[in-house]
Chemist: 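Here it is: the structure, laid out below.
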Amino acid sequence: MRPSAVKGTYDVLPDDQPRWHALLATTRRILGRAGVDEISTPVFEHSEVFEKSVGESADLVVQKEMYRFEDRGGRSLTLRPEFTAGVLRAFIEHGMHTWPAPVKLWSAGPAFRAENVQRGRFRQFHQVNCELVGGASALLDAEAIALLVDVLAGLGLRGVHVKVGSVGDPEDRQRYNAYLREALEPQAEALSEVSRERLRLNPLRVLDSKDAGDQALLAPLQRPLERLGGEARAHFDAVTAVLEAWGVPFEIDASIVRGLDYYRRTAFEVHHAGIGAQSALGGGGRYDGLIAQLGGPDVPGIGWAFGIERVFDALSGAGVAAAARERPLAYLVALDETAVAELAQLARALRSEHRIEHGYVARNPGKGLRDADRSGARLAVMRGSRERADGTFQVKDLRSGEQHTVPEDALAEHLRRSATGTTTDTDAALAG
RNA sequence: GUGGAUGUAGCUCAGCAGGUUAGAGCACCGGAUUGUGGUUCCGGGGGUCGAGGGUUCAAGUCCCUUCAUCCACCCCA
């Protein structure tokens with residue numbers, strides 16, 4: 001048996017690295033201009049950080065999907081299933097509530113959930129996460145949503161659907177659950193099996209049913225958005241008004257639902273057709289009260305995350321070109337044993353300025369040029385007994401086929417001239 | 001946890017109603033070309049046919065079991 005990566009994990013091979021770098025560079029640029037700074041937190045935390053954050057209603061299912069383990073000291077640790085809890089832990093730990101508000105933080109990296117895999121769903125997956133902490137204004141909600149849209153647009157993604165709703169305040173949610181139960185329980189027999197189960201455990205999720213019969217039963221009922229309390233309603237109206245004023249395209253989703261307890265008021269999702277059943281690229285919401293729940297000061301906040309793999313899926317489906325791996329400027333070809341050592345040393349010197357590769361063994365010119373060609377190098381620099389006798393190199397342009405005899409002391413300048421005025425594919429992608 | 005599809009070379013896949021030495025393209029190695037690459041031509045290496053069991057004179061092909069992958073359901077931070 002050949003070894004294989006753990007189920008739900010995968011390798012990012014060299015050819016795939018440029019698009020990761022490009023994604024992170026674009027994210028950094030766009031969020032940075034909005035005053036969002038990067039923070040890196042550990043991939044694991046004390047288990048209680050995540051347990052406290054998810055609350056009670058979600059614990060049954062959600063905790064089963066956390067990678068939890070004990071270290072040698074008997075501490076219970078958990079691989080992060082999401083970023084928010086860890087970032088807020090850091091916010092509390094470093095007293096960031098004393099920093100100028102709002103504190104804006106983004107992160108990127110792996111997260112872990114013990115779920116069954118399918119398209120767009122992995123056990124180790126990657127997210128870009130953004131938190132705006134320390135503001136209750138609807139302006140902050142709008143900015144969060146706009147930033148998510150801006151980043152995805154900056155990556156070249158089109159066809160993104162932004163859905164904005166509100167889960168209300170905790171009282172609203174309780175009231176709505178009661179309303180749903182009251183309305184649906186009398187006709188529970190008519191509901192699908194799945195929805196009946198949901199009605200029992202988490203009534204809000206009945207709204208997500210894909211069953212046509214269920215939707216017919218739901219049709220006459222009011223959505224959560226229509227039963228918001230006065231303050232939550234005013235907040236929601238303010239958020240949508242700002243988004244409209246800013247020209248951020250969105251649609252109101254009256255039945256948007258969150259699995260976790262900690263969400264308050266604004267909730268939003270970004271979807272894309274053509275990435276399979278898991279059509280959400282990302283989402284987020286307001287979580288006033290969560291920081292206090294984690295043991296910190298009572299500071300409001302809002303955040304979002306998007307799945308990097310899903311964005312790549314959407315991008316490749318849309319035919320957005322991926323950047324290519326960086327190519328060497330020159331590949332050095334040793335035509336005899338003496339040249340092998342000479343070129344290894346030469347490569348070291350030239351690498352202060354360029355990407356230079358060589359083959360570590362002597363080759364005849366045919367093989368050597370083939371090696372050079374496969375490396376993707378623009379130039380092949382050849383050295384053998386003849387060149388050594390003359391104190392020169394043969395430098396061949398692998399695209400034009402032009403070949404020059406270049407004196408030893410002119411080589412560095414020759415390479416420099418070849419390199420200028422051109423950019424690598426990667427540079428071009430990053431600049432874009 | 002459930003359902004469907006698929007497991008044959010490094011990769012993408014053929015392989016007929018069971019029948020000799022299991023194929024192709026790409027990739028890799030060598031030669032044409034012992035100091036000139038990419039194209040072309042010729043040749044070559046490489047497979048426990050996912051694994052285990054069964055049926056049969058004979059199994060990549062049929063049956064059972066198991067594992068893996070993909071997609072979907074469930075769930076979704």
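Below, chain A is the first sequence line, B the second, and so on; all start at residue 1. No hydrogens, no waters, no symmetry mates; every other heavy atom, side chains included, goes into these values.
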Chemist: So what's B:C75 paired with, Watson-Crick or G-U wobble, going by both distances under 3.5 Å?
Modeler: none
Chemist: Keeping A:Arg113 on the side-chain end and A:Pro81 on the backbone end, is there a donor-acceptor pair under 3.5 Å?
Modeler: yes
Chemist: To the nearest Å, give me how far apart CG (A:Asn364) and C1' (B:A32) are.
Modeler: 14 Å
Chemist: Is there a Watson-Crick or G-U wobble partner for B:A22 with both distances under 3.5 Å, and which nucleotide is it?
Modeler: none
Chemist: Take atom P in B:A77 and the same atom in B:A5, then report the distance between them in whole Å.
Modeler: 31 Å
Chemist: I'd like to know if A:Asp373 reaches the base of B:G37 with its side chain such that a donor and an acceptor end up less than 3.5 angstrom apart.
Modeler: yes
Chemist: Go ahead and name the base partner of B:G7; Watson-Crick or wobble counts if both distances stay under 3.5 Å, otherwise write none.
Modeler: B:C67
Chemist: Given 3.5 Å as the limit, does a donor-acceptor pair link the side chain of A:Thr240 with the main chain of A:Phe236, or not?
Modeler: yes
Chemist: Round to the nearest Å and state the distance from A:Ile302 atom CD1 to B:A77 atom C1'.
Modeler: 15 Å
Chemist: Measure CG/A:Asp15 against C1'/B:G10 and give the value in whole Å, please.
Modeler: 15 Å
Chemist: Is there a side-chain contact between A:Arg205 and the phosphate of B:C76, meaning an N or O under 4.0 Å from OP1 or OP2?
Modeler: yes
Chemist: What's the CD-P distance between A:Glu309 and B:C76, to the nearest Å?
Modeler: 21 Å
Chemist: Tell me which of A:Arg119 and A:Arg258 sits closer to the 5' end of RNA chain B, going by the nucleotide each one is nearest to.
Modeler: A:Arg119
Chemist: With a 4.0 Å cut-off on heavy atoms, is A:Arg198 in touch with a base, just the backbone sugar-phosphate, or nothing at all?
Modeler: sugar-phosphate
Chemist: What nucleotide, of B:G37, B:G35, B:A72, holds the atom closest to the side chain of A:Pro365?
Modeler: B:G35
Chemist: Could you tell me the separation between the CG atom of A:Leu204 and the P atom of B:A77, rounded to a whole number of Å?
Modeler: 12 Å
Chemist: For A:Gln394 and B:U36, is the shortest distance between a side-chain N/O and OP1 or OP2 below 4.0 Å?
Modeler: no
Chemist: Using a 4.0 Å heavy-atom cut-off, does A:Ser385 contact any base of the nucleic acid, only the sugar-phosphate backbone, or nothing at all?
Modeler: base
Chemist: Rounded to the nearest Å, what distance is computed from the OH atom of residue A:Tyr10 to the C1' atom of nucleotide B:U69?
Modeler: 17 Å
Chemist: Taking atom types as modelled and ignoring hydrogens, do the side chains of A:Tyr287 and A:Glu131 form a donor-acceptor contact shorter than 3.5 angstrom?
Modeler: yes
Chemist: Of the options A:Lys163, A:Arg258, A:Arg310, which is the one that meets A:Glu269 in a salt bridge (Lys or Arg N to Asp or Glu O under 4.0 Å)?
Modeler: A:Arg258
Chemist: Under 3.5 Å, is there an N or O donor on one side and an acceptor on the other linking the side chain of A:Arg113 and the base of B:C75?
Modeler: no
Chemist: Could you check A:Gly401 against A:Arg374 and say which one's nearest nucleotide on RNA chain B is further toward the 5' end?
Modeler: A:Arg374
Chemist: Touch check for A:Ala277, heavy atoms < 4.0 angstrom, all strands: base, sugar-phosphate only, or nothing?
Modeler: sugar-phosphate
Chemist: Would one find a side-chain N or O of A:Gln118 under 4.0 angstrom from OP1 or OP2 of B:A72?
Modeler: yes
Chemist: Can you confirm if the NZ or CZ of A:Arg383 lies within 45° of the ring axis of A:Phe393 and under 6.0 Å from the centre of its six-membered ring?
Modeler: yes
Chemist: Answer with yes or no whether the side chains of A:His235 and A:Asp141 bring together a donor and an acceptor at under 3.5 Å.
Modeler: yes
Chemist: Using OP1 and OP2 only, check whether a side-chain N or O of A:Arg388 sits under 4.0 Å from B:G35.
Modeler: no
Chemist: Less than 3.5 Å apart, any donor N or O on the side chain of A:Gln127 or A:Glu82 sitting next to an acceptor on the other?
Modeler: no
Chemist: Can you find a side chain N or O atom of A:Lys7 that sits less than 4.0 Å from OP1 or OP2 on B:A68?
Modeler: no
Chemist: Work out how far the P atom of B:G38 is from that of B:C29, and round it to whole angstrom.
Modeler: 12 Å
Chemist: Between B:U21 and B:G25, how far is it from one C1' atom to the other, in whole Å?
Modeler: 22 Å
Chemist: Work out how far the C1' atom of B:A22 is from that of B:G3, and round it to whole angstrom.
Modeler: 33 Å
Chemist: P atom, B:G50 versus B:G10: distance in rounded Å?
Modeler: 13 Å
Chemist: Considering every strand shown, what is the Watson-Crick or G-U wobble mate of B:G30 when both distances are under 3.5 Å?
Modeler: B:C42
Chemist: Kindly indicate whether the side chain of A:Asn116 and the base of B:G1 share any N or O donor-acceptor pair separated by less than 3.5 Å?
Modeler: yes
Chemist: Pick the C1' atom in B:U61 and in B:G7, then give their distance to the nearest Å.
Modeler: 14 Å
Chemist: What integer number of Å spans the P atoms of B:A14 and B:C62?
Modeler: 15 Å
Chemist: Considering only B:A72, B:A77, B:G37, which nucleotide approaches the side chain of A:Met66 most closely?
Modeler: B:A77
Chemist: Establish whether the base of B:G35 is bridged to the side chain of A:Glu387 by a donor-acceptor pair shorter than 3.5 Å.
Modeler: yes
Chemist: Round to the nearest Å and state the distance from A:Phe393 atom CZ to B:U36 atom C1'.
Modeler: 18 Å
Chemist: Check the phosphate of B:G38 against A:Lys367, side-chain N and O only, distance under 4.0 Å to OP1 or OP2. Yes or no?
Modeler: no
Chemist: When both hydrogen-bonding distances must be under 3.5 Å and the geometry is Watson-Crick or G-U wobble, what is B:U61 paired with, if anything?
Modeler: none
Chemist: Compute both the distance and the angle, then confirm whether A:Arg80 meets the cation-pi test with A:Phe83: under 6.0 Å from the six-membered ring centre, within 45 degrees of the axis.
Modeler: yes
Chemist: Between B:C49 and B:C13, how far is it from one C1' atom to the other, in whole Å?
Modeler: 13 Å
Chemist: Just how far, in rounded Å, is C1' of B:U36 from CZ of A:Arg386?
Modeler: 10 Å
Chemist: Looking only at side-chain atoms of A:Arg370, point me to the closest of B:C29, B:U36, B:A77.
Modeler: B:C29
